[in-house]
Every structure is written in C-alpha cells, then in structure tokens.
Number of protein chains: 2
Amino acid sequence: MQTIHETSVPLPSAPSRHAAHCSTCALRHYCLPQGLSSEDVVRLQKVIVNARAIKRGETLFRVGDTFDTLYAIRSGSIKTVVSTSNGNGREQVMGLHLSGDALGLEGFDNGRHACHAIALEDSSVCLIPYVHFERSCRETGAIQRRLLQLMSREMVRKTAQTLMLGTLRADERVAALLLDLSGRLTRRGYAGNEFNLRLTRDDMGSFLGITLETVSRTLSRFQAKGLINTNGKLIRILDFDGLRAI
Amino acid sequence: MQTIHETSVPLPSAPSRHAAHCSTCALRHYCLPQGLSSEDVVRLQKVIVNARAIKRGETLFRVGDTFDTLYAIRSGSIKTVVSTSNGNGREQVMGLHLSGDALGLEGFDNGRHACHAIALEDSSVCLIPYVHFERSCRETGAIQRRLLQLMSREMVRKTAQTLMLGTLRADERVAALLLDLSGRLTRRGYAGNEFNLRLTRDDMGSFLGITLETVSRTLSRFQAKGLINTNGKLIRILDFDGLRAI
DNA sequence: CGGCAGATTGACTAACTTCAATCTTGGTGG
DNA sequence: CCACCAAGATTGAAGTTAGTCAATCTGCCG
C-alpha cells in the first residue's frame with residue numbers, strides 16, 4: 001500500500017534512500033508538527049516517506065511535473081525558479097528555502113508543479129505522498145489546520161516579496177534580503193550575523209529584481225559603510241540597525 | 001438536481017454555465033463548488049451566511065482584524081492593500097478581486113488578517129464562518145481539496161505578480177494588467193475588450209510598482225499606437241496581439 | 001597550473017521618478 | 001439645474017537610479 005512513486009520524481013541520478021524512517025526529518029519536528037498532539041505526530045509519521053538526497057545543482061522537480069508529493073527540506077537549501085509565460089525566456093528566482101521549509105505547495109492548483117526546484121548545495125528532503133497526507137488531514141483537524149497555516153504563511157511571505165519588489169529601492173532590497181536570511185538562520189539555531197550565501201550574485205539579483213552588477217555594487221557600498229563584511233559568498237553583518245535603517 | 005461537472009481540469013469555467021442558479025452568492029456557484037457533487041454543494045450551502053453589502057471606499061476588513069470569516073465576492077470589486085512592516089508608511093495595492101474571487105485566505109497564518117480589503121465600487125460579499133467551513137472540509141474530501149486548490153491558485157497568482165514586478169518593464173506591466181483584467185472579465189461573461197477600470201492611476205501604479213505618471217504616460221502611448229482607446233477609467237482594447245507583443 | 005565561472009568596478013545610457021503646471025471630471029450644495 | 005470645487009488625470013522638463021556594456025580580477029576545480 002505504501003507505494004512510493006520514485007519513478008515519477010524527475011531526478012536523473014539514482015536517489016539514495018535512507019534506511020532509517022526519517023528519524024531526523026525536519027518535517028517531523030519543525031515544519032508540520034507544531035501545535036500537534038503526540039498522537040497526531042505519530043499519525044503524521046506514518047505518511048512521511050524516507051528522505052532523499054540531492055546534490056548541488058540537481059533538480060528536485062520541474063515545471064509541469066505531476067504533483068503527487070509534498071516536500072520538506074531536511075537539510076541544505078533549495079531555490080525555486082519560474083519563467084515568464086510570455087515565452088521570452090526571462091526567468092526569476094522566486095524563493096529561497098531552508099531546512100524545515102515546505103516545498104511544492106503551489107502544485108495543488110492544477111496538479112502540476114508551477115516552478116523548478118534546484119538544490120543550492122547538497123541537500124536532503126522528506127517526501128510525503130499527497131494521497132496519504134490528504135487522508136491524514138481529513139482524519140485529524142490539527143493536521144489540516146497546520147497545512148492551511150503553512151500555505152497561508154507561504155502567501156504572506158509572497159506578499160512581503162511582492163511588496164519589496166513594488167516599493168523598495170535596490171539597496172533596500174539587498175538589505176532586506178540579508179536581514180530576512182539572518183532572521184531565518186537565527187530561528188533555526190545558526191549564527192545570524194555570519195553566513196554563507198549560497199546564491200550567486202546573479203541569483204540574488206534575479207530574486208531581488210535587479211541586476212547582478214547592482215547587487216555587487218550595493219554589497220561593496222555596504223562594506224564601505226561598515227555595515228557588513230563580505231568576501232564572496234561569505235557575509236558577516238556588522239551593523240544590524242544600520243541595515244534596517246536603509 | 002443539476003449535476004455540476006466533475007472535471008479534473010481546474011480552469012475556471014465560464015460562469016454563464018452556472019448562471020441559471022446564480023441567484024444569491026457567487027461563492028455557491030463559482031468560487032468553491034467547482035468539482036463538487038451536488039450533495040457536497042448542498043452541504044456547503046449550509047455554512048454560507050447571507051451576503052453583506054459594502055459601499056465604495058468602505059473597508060471589509062483591516063490588518064490585524066481577527067480572522068474568523070472567509071469572504072467571497074458576490075458582485076463588485078475589491079482591492080487589497082498592505083503596508084511595509086518597516087513602518088515608513090509606504091503601502092501597495094496587492095490584489096484586485098472580482099466577483100467570484102475568494103478573499104481573506106491569508107488570515108490562516110496567524111489568525112489575523114494581513115491586509116486591508118477596500119471596495120472599489122458598491123459591492124456585496126458572502127460570509128462563511130471559518131469554524132463551520134473547517135468542519136465541512138473535514139467531512140468532505142472534495143470541499144477540502146477545493147479549498148487547497150483555491151489557496152494554491154492564489155499562490156500561483158501571486159507568483160505571477162512577483163514575476164511581473166521582477167522582470168517586466170513599465171509598459172509591459174501595464175499591458176499585462178490590461179490583458180489579465182480582460183481575461184478575467186471574459187471568463188465571468190463580461191465584455192473583455194471594453195471595461196471600466198475601477199482603480200485610479202495611483203492604485204494602478206501602486207499595484208504595478210510604478211508611479212501614476214508612468215501609468216498615465218504609458219496608456220497615452222498605447223492610445224497613440226492604436227492599441228487601446230482610453231477615456232479616463234473607461235478602457236477599450238483595440239489590438240490584443242499588439243498588447244501581447246509588447 | 002590553467003581554464004572558467006563568478007565577482008567587481010568603471011563609463012555610459014536608458015528608463016523611470018520627481019516636481020510642477022495645467023486640464024478634466026464627478027460629486028455637492030446653492 | 002448649474003456652478004464650483006476637489007480629486008484625479010495628463011503632460012512637460014529636469015533629475016536619479018539602475019541597467020548595459022565592457023574590462024579586469026578572483027578563486028575554485030579538475
């Protein structure tokens with residue numbers, strides 16, 4: 001009954017499945033179970049399928065892939081990318097997802113994924129077959145509520161992103177990205193003032209709606225002002241209030 | 001008892017199909033019931049509370065309001081507005097919602113609304129108390145699936161908006177707005193080539209991430225090129241392909 | 001050690017904003 | 001019903017920001 005659709009998941013490389021039943025899966029203790037009772041968590045465990053590893057640069061799913069699996073990042077980081085329907089080839093980095101984040105929720109709409117998900121570093125994700133998950137939602141109100149909350153949160157996040165693109169200037173956008181990332185890392189227990197930015201300048205620019213040159217110039221200017229210390233992808237924030245004040 | 005198409009294709013079908021029993025609430029025949037069996041629709045009817053009228057310029061809900069009700073627009077149009085958390089007062093029109101659209105789904109996240117909803121003309125909305133609705137979701141898989149799909153669609157829409165703000169130039173944005181509106185009106189059975197834009201130039205600019213002057217200039221340029229005919233808020237599209245080609 | 005993708009920096013340019021001056025329209029009170 | 005007023009729309013000119021093009025520079029990986 002526990003059919004795993006490995007074949008429907010479009011990874012070119014052989015997926016390495018963990019033997020352990022996802023004992024350290026981020027989904028179980030970060031992403032979904034918040035606010036669930038222990039019985040509910042047990043129930044949820046049953047529908048979570050083993051984690052699976054993807055290497056840097058590999059694709060977890062692509063636009064148009066059948067949506068039959070929810071993903072939660074167990075470790076690493078993943079970017080999502082979409083293209084203009086216009087067909088003129090322009091594409092944009094839409095999201096940067098860290099460990100504990102859910103992935104693929106946009107697929108509900110028409111049963112197919114609406115973006116590409118690409119690993120920014122060697123990562124591992126949990127897979128949750130959607131059919132099993134849906135049943136759990138129906139059986140357990142708390143799980144259902146949690147899913148709705150997750151989707152709603154994703155909408156709020158997207159709203160913030162739209163607001164950024166609609167109202168902020170280039171330097172404000174860069175500052176906002178650094179502060180957002182810092183906060184998310186802190187909440188995950190990592191250092192919030194010094195981190196390794198996995199995105200290239202090109203990716204950052206795409207995400208922020210500016211060119212890679214503007215990103216580079218802005219970071220240099222921040223450094224000159226003593227707000228940050230940057231050496232390629234390694235970034236250290238020296239003056240949080242200064243960044244917020246931009 | 002009329003059977004509503006159990007279609008797996010999630011595109012909103014023409015509302016004219018349901019126009020026959022379109023007597024009271026848009027939600028009942030447009031927004032939610034797509035893909036539901038007739039028994040499910042009956043079940044859904046029970047939780048829908050009477051419509052409520054709001055006048056032009058009035059606010060349906062505000063940021064911070066307790067989230068306990070879902071809304072669906074029965075007639076009219078409503079804009080949603082958010083402010084930068086930064087507190088520097090900048091705000092942006094985030095969405096333009098027409099009859100049949102759901103509203104307020106962002107409130108799941110933390111139990112409070114994350115935006116203002118303001119009527120652009122005299123409108124009426126359906127109210128669905130959330131507690132009742134949640135129960136329906138649990139009882140009926142189809143209703144649950146429909147809700148998830150609605151939220152997912154909202155995410156896809158937001159993604160498109162973000163993509164627009166991140167990649168398009170001013171004239172492309174204006175063209176995209178006109179075409180999007182035209183398509184949505186057509187799908188609702190209205191004329192898609194001539195419509196009354198309820199947004200002010202300021203609102204349009206805010207939504208598109210450009211200034212009202214740029215909006216005005218762009219519309220004038222479109223008119224000079226013979227793409228549209230504009231007289232204040234009344235807009236007639238003369239050359240769809242020309243607009244798409246921008 | 002060499003090749004190459006990514007990053008930085010500079011000079012120039014295009015696009016959009018800002019400021020400002022009318023013009024138009026819709027609503028309201030006399 | 002009309003005149004008036006205020007809000008919205010249009011258009012012009014000047015100013016800024018960010019984009020484009022191009023030339024290095026850096027560091028990583030085989």
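Labels below follow one simple rule: chain letters A, B, ... track the order of the sequence lines, proteins then strands, and each chain is numbered from 1.
- A salt bridge links B:Arg188 with B:Asp101: the distance from a Lys NZ or Arg NE/NH1/NH2 to an Asp or Glu carboxylate oxygen falls below 4.0 Å.
- The nearest whole Å value for the distance from the CZ atom in B:Arg56 to the P atom in C:dG26 is 10 Å.
- Formation of a donor-acceptor pair under 3.5 Å by the A:Asp122 side chain with backbone atoms of A:Arg56 is found in this model.
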Could you give the side-chain donor-acceptor pairs of residues 197-209 of chain A under 3.5 Å, partners two or more places apart or in another chain?
{"unit_1": "A:Arg198", "atom_1": "NE", "unit_2": "A:Glu121", "atom_2": "OE1", "d": "3.3"}
{"unit_1": "A:Arg198", "atom_1": "NE", "unit_2": "A:Glu121", "atom_2": "OE2", "d": "3.4"}
{"unit_1": "A:Arg198", "atom_1": "NH2", "unit_2": "A:Glu121", "atom_2": "OE1", "d": "3.1"}
{"unit_1": "A:Thr200", "atom_1": "OG1", "unit_2": "A:Asp202", "atom_2": "N", "d": "3.3"}
{"unit_1": "A:Thr200", "atom_1": "OG1", "unit_2": "A:Asp203", "atom_2": "N", "d": "3.0"}
{"unit_1": "A:Arg201", "atom_1": "NH2", "unit_2": "A:Gly232", "atom_2": "O", "d": "2.8"}
{"unit_1": "A:Asp203", "atom_1": "OD1", "unit_2": "A:Lys79", "atom_2": "NZ", "d": "3.2"}
{"unit_1": "A:Asp203", "atom_1": "OD2", "unit_2": "A:Lys79", "atom_2": "NZ", "d": "3.1"}
{"unit_1": "A:Ser206", "atom_1": "OG", "unit_2": "A:Val93", "atom_2": "N", "d": "2.7"}

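- When the side chain to side chain donor-acceptor pair (under 3.5 Å) test is applied to A:Thr167, no partner is found at least two apart in sequence or on another chain.
- Per the geometry, CG belonging to B:Leu212 stands 13 Å off C1' belonging to C:dC16, to the nearest Å.
- A straight line from CG of B:Leu208 to P of C:dC16 spans 12 Å, rounded to a whole angstrom.
- Atom-to-atom, CD1 of A:Ile228 to P of C:dA7 comes out at 14 Å; the value is rounded to the nearest Å.
- Qualifying side-chain contact (heavy atoms from CB on, under 4.5 Å) partners for B:Arg112, counting only residues two or more places apart in sequence or in other chains: B:Thr66, B:Asn110.
- Residues meeting the side chain to side chain donor-acceptor pair (under 3.5 Å) test with A:Arg217, sequence neighbours left out: none.
- Legend: salt bridge (Lys or Arg N to Asp or Glu O under 4.0 Å) pairs involving residues 223-242 of chain B, not counting sequence neighbours, sorted by first then second residue: B:Glu194-B:Arg236, B:Asp241-B:Arg244.
- Looking at which nucleotide of DNA chain D each of A:Ala170 and B:Leu219 is closest to, the 5′-most match is held by B:Leu219.
- If you walk DNA chain D from 5' to 3' and mark each nucleotide with an atom closer than 4.0 Å to a heavy atom of chain A, the marks span D:dA18 to D:dC21.
- For the pair A:Met204 CE and C:dA7 P, the computed distance is 9 Å after rounding to whole Å.
- Here B:Gln223 pairs with nothing under the side chain to side chain donor-acceptor pair (under 3.5 Å) rule; sequence neighbours left out.
- Checking the phosphate oxygens (OP1, OP2) of C:dT17, a side-chain nitrogen or oxygen of B:Thr214 falls inside 4.0 Å.
- Side-chain nitrogen and oxygen atoms of B:Lys233 include none within less than 4.0 Å of the OP1 or OP2 phosphate oxygen of C:dT25.
- Across the helix from C:dC1-D:dG30 to C:dG30-D:dC1, the helix axis at one end is tilted relative to the axis at the other end by 40° (nearest 10 degrees, each axis from five pairs).
- Looking at residues two or more places apart in sequence or on another chain, you find no ring-ring contact (aromatic ring centres under 6.0 Å, His included) involving B:His116.
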Table of protein N/O atoms under 3.5 Å from nucleotides 10-14 of chain C N/O atoms:
{"unit_1": "C:dG10", "atom_1": "N7", "unit_2": "A:Arg217", "atom_2": "NH1", "d": "2.8"}
{"unit_1": "C:dG10", "atom_1": "O6", "unit_2": "A:Arg217", "atom_2": "NH2", "d": "3.3"}

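- Among residues two or more places apart in sequence or in another chain, the ring-ring contact (aromatic ring centres under 6.0 Å, His included) test is passed with A:Phe195 by none.
- Following rounding to the nearest Å, A:Ile235 (CD1) and C:dA7 (C1') show an atom-to-atom distance of 12 Å.
- Rounded to a whole Å, the CZ atom of B:Arg169 is 6 Å from the P atom of C:dC16.
- OP1 or OP2 of C:dT9 sits under 4.0 Å from a side-chain N or O of A:Ser220.
- With sequence neighbours left out, the side chain to side chain donor-acceptor pair (under 3.5 Å) criterion links B:Thr214 to B:Thr211.
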